[in-house]
Amino acid sequence: MRVRFWGTRGSLPVSLTSRDLRDRLARALVAANGRDLDTVEKAQAFAEQHLEFSLTHTFGGHSSCVEIEPATTHEEYFVCDMGSGARPFGAHVLARQGGRPATVNIFMSHMHWDHIMGFPFFGPAYVRGTRIRIYGCHEALEQAFRRQQEPPSFPVPFKVLGASIEFVRMTPGETREVSGVKVTPQLQHHSGDSYGFRFETGGKSVVYTTDSEHKLEQRSETERIVGFFREADLVIFDAMYSLADAVSVKADWGHSSNVVGVELCQMARVRKLALFHHEPANDDRAVERILRETQRLEELTRDAHRLEVVAAYDGLEIDL
Ligand SMILES: [Zn+2]
Ligand SMILES: [Zn+2]
């Protein structure tokens, strides 16, 4: 199974500013001082091997959109949420299909704007013959998609899209088999409710859990979530806030922290944790610092089980 991150930023898409770029370029030039980098290839190799991650990459960018590619079937697409990352994901689908209509299964955590805003820019939705199934647990699932394309918000109404679009209601806790992939939704604590999804196929499992606040003092709740995460190969986790924020000023804002992510994943014996839904106010250095701190925390609290921690960024691919 392969997981491709198309959008990893929380709440609002962000991009690098000119000032960020200039600063990076200056720091890279200083780091390269005295080296013989007279070709692009040499410079690229140097950047890859010697420059810090936050100089050569950027976290976030697009809002939530994560593709799950099962090893067993390449016929259909599976994706979580339609944040602004849905635009490049759609371009990827169209390029890969080479003119053949696709079948796309979309799993919606909830319909807050940052999770649906990419759909009107999702290219395959405009292609006749494409089949799109939008899965979710909310009653207002279909209404939310239709409404964002109504005037005066968008020029193309939902009803003129060329694809055949079907909405499929799922029941929390009930596993459904979707074209060979077992998918289980789980209720999460968030304004207006959100749902995590556990995907299981070919002996591997991925949990996509974003926009979810965890109150670890509620034991039964913790047990429910640990059961949902149990021995997953990868958990994609809402780590928008620091623990201090999550338990003080931003308590009840419906998001979680890197610290809680480590704790839950350790309890559940998860193999890999991907920090996700990055706070828009955090620049790349801040996200990288949070990642280092989280990795250090995991080391300090580790028993016999090792949890690998990464921070998701647009373009990251994880093979399981
Ligand atoms: Zn969100
Ligand atoms: Zn939300």
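Both counts, for ligands and for their atoms, begin at 1 and track the order of listing. Just so you know, these numbers use all the heavy atoms, side chains as well, and skip hydrogens, waters and symmetry mates.
Centred on the Zn ion (ligand 1), the OD2 atom of Asp211 and the NE2 atom of His277 lie at an angle of 100°, reported to 10°. Around the Zn ion (ligand 2), the angle linking His190 (NE2) with His110 (NE2) is 100°, rounded to 10 degrees.
The NE2 atom of His110 lies 13.0 Å from the SG atom of Cys137; values are rounded to the nearest 0.5 Å. Taking CG from Asp314 and OG1 from Thr58, the interatomic distance works out to 7.5 Å, rounded to the nearest 0.5 Å.
Using a cut-off of 2.8 Å, one finds that His115 contributes no N/O/S atom close to the Zn ion (ligand 2).
Tyr135 and Phe197 have their aromatic ring centers separated by at least 6.0 angstrom.
His214 and Phe237 have parallel rings, their planes meeting at less than 30° on a 0 to 90° scale where 60° marks the start of perpendicular.
Within Asp114, OD2 is the N, O or S atom that lies nearest to the Zn ion (ligand 1). Note on His112: its N/O/S atom closest to the Zn ion (ligand 2) is ND1.
Under the 3.5 Å distance criterion, the side-chain polar atoms of Arg224 are left unmatched by any main-chain donor or acceptor of Gln186.
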